[in-house]
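These notes are about the structure you will find just below.
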Amino acid sequence: MGTIVLGTGSCLPEKRLTNDDLEKMVDTNDEWIATRTGIKERRIAGKGEEAYILATRAAEKALAQAGISAQDIDIIVVATISSHMIMPSCACFVQKELGAANAFAYDINAACSGFLYAFDLADQYVKADHNKKVLVIGAETLSARVNWEDRNTCILFGDGAGAAVLAYSDSDRGIMASNLQSDGSLWNLLYMHGPQSTNKDLQDKNNHGSHILMEGREVFKYAVKAMEGSVRDVLERAAVDVKDIKLVIPHQANIRILNKLLERLQVDEEAVFINVQKYGNTSAASIPIALDEAFQAGKISKGDMVLFCSFGGGFTWGASLITW
Ligand SMILES: CC(C)(COP(=O)(O)OP(=O)(O)OC[C@H]1O[C@@H](n2cnc3c(N)ncnc32)[C@H](O)[C@@H]1OP(=O)(O)O)[C@@H](O)C(=O)NCCC(=O)NCCS
């Protein structure tokens, strides 16, 4: 008995930006990017592809797969750090686009861990009221939030959205355990300023623009350790052996982070879903996009145990285990 996923969907912008394209923009090359990150190309939003539009398209597919209408949704939670406006939330724009008149909607910010935070929120709503149906979305247009002259960061990120509809099932399926953590004292290793304050007293002379700044090496080190801890915690609490996991769907940050993590956890290569080569790091959107692709590819069936794990700015991190 628990919270299950009724349907998934994803939406990627049309435009591809390859490593070769990036070579013409900053001092980098395909070999450097591919060996250090595993990324070959990423998608970049064009006109009419704001985060809420990508989110809406992903949500429409998830609703269709779930066999329910937008009016059946009670809550919309969008995880994002790159909506086109600060207010209203991305989720309110999605509500408007979908015509989900019976829902309340809000965004959460947990950077790349946002989808897992939203997934856990949805689980709590559903556990508290078995009639609730929650639309959980990760949506990003990080192309609008990177400094395209900074080769340390602009090569890493991409745009996209993924969605899942969560609801109660009285079967023996559902979310088994989740672990969410954060450490705000490490905020300055990966961050993004907002717009400069209009209140002179609150103006920050270090605010050089609203784009991502990162200490890559430090992020790498913490990411592996932190995700390993969260995964071990959910496995232990659910009394599940890692060998029994059908598919691990990690946040698609970087192939080297993932390889290190999977080596430490002793997960077999074929039990991991990886698409970072096609989309780069799409932050909060990466897990739901990968989940949708894995499901569409027939890699997950009813009764399979699926494990998610993530790491991002904050720092925030976590893991979640579900019997599909
Ligand atoms: C970003 C990352 C790929 C950089 O790899 P790294 O091996 O740590 O590389 P460094 O930052 O130490 O830089 C090594 C050299 O490559 C250079 N370099 C940095 N970016 C480059 C690029 N895009 N192309 C070519 N050279 C680059 C650096 O300037 C440095 O040169 P130097 O030795 O002359 O000073 C790696 O640190 C990483 O994966 N970090 C995690 C990032 C992440 O996933 N963030 C999101 C988490 S949600």
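Just so it is clear, the values below take in all heavy atoms, side chains as well, and ignore hydrogens, waters and symmetry mates. Worth saying up front: this structure is predicted, and the values here are computed from it rather than measured. Read the numbers this way: they start at 1 and go in the same order the structure lists the ligands and their atoms.
- Counted by atom type alone, Ser143 and Asp159 present one or more donor-acceptor pairs between their side chains at under 3.5 Å.
- At a 4.0 Å heavy-atom cut-off, ligand 1 touches Ile155 through the side chain alone.
- A tilted orientation is assigned to the rings of Phe295 and Trp324, their planes being inclined by 30° to 60°.
- Counting protein heavy atoms only, atom 1 (C) of ligand 1 is closest to Met214 CE, 4.0 Å.
- The closest approach between Ile33 and ligand 1 stays at or above 4.0 Å for every heavy atom of the residue.
- Of all the atoms in ligand 1, the ones that sit under 4.0 Å from a non-hydrogen atom of Arg256 are 5 (O), 7 (O), 36 (C).
- Near Phe311, the atoms of ligand 1 lying under 4.0 angstrom from a non-hydrogen atom of the residue are 48 (S).
- Within the 4.5 Å cutoff, side-chain heavy atoms of Val231 are placed close to those of Leu265.
- Among protein heavy atoms, the minimum distance from atom 6 (P) of ligand 1 is reached at Arg36 NH1, 3.6 Å.
- Within the 4.0 Å heavy-atom criterion, neither part of Val26 lies near ligand 1.
- In this structure a side-chain-to-backbone donor-acceptor pair under 3.5 Å is missing from Glu140 to Phe157.
- Evaluation of the ring pair (Phe, Tyr, Trp, His ring centres under 6.0 Å) test over residues 58-92, restricted to residues two or more places apart or in two chains, returns Tyr52-His84, His84-Phe93.
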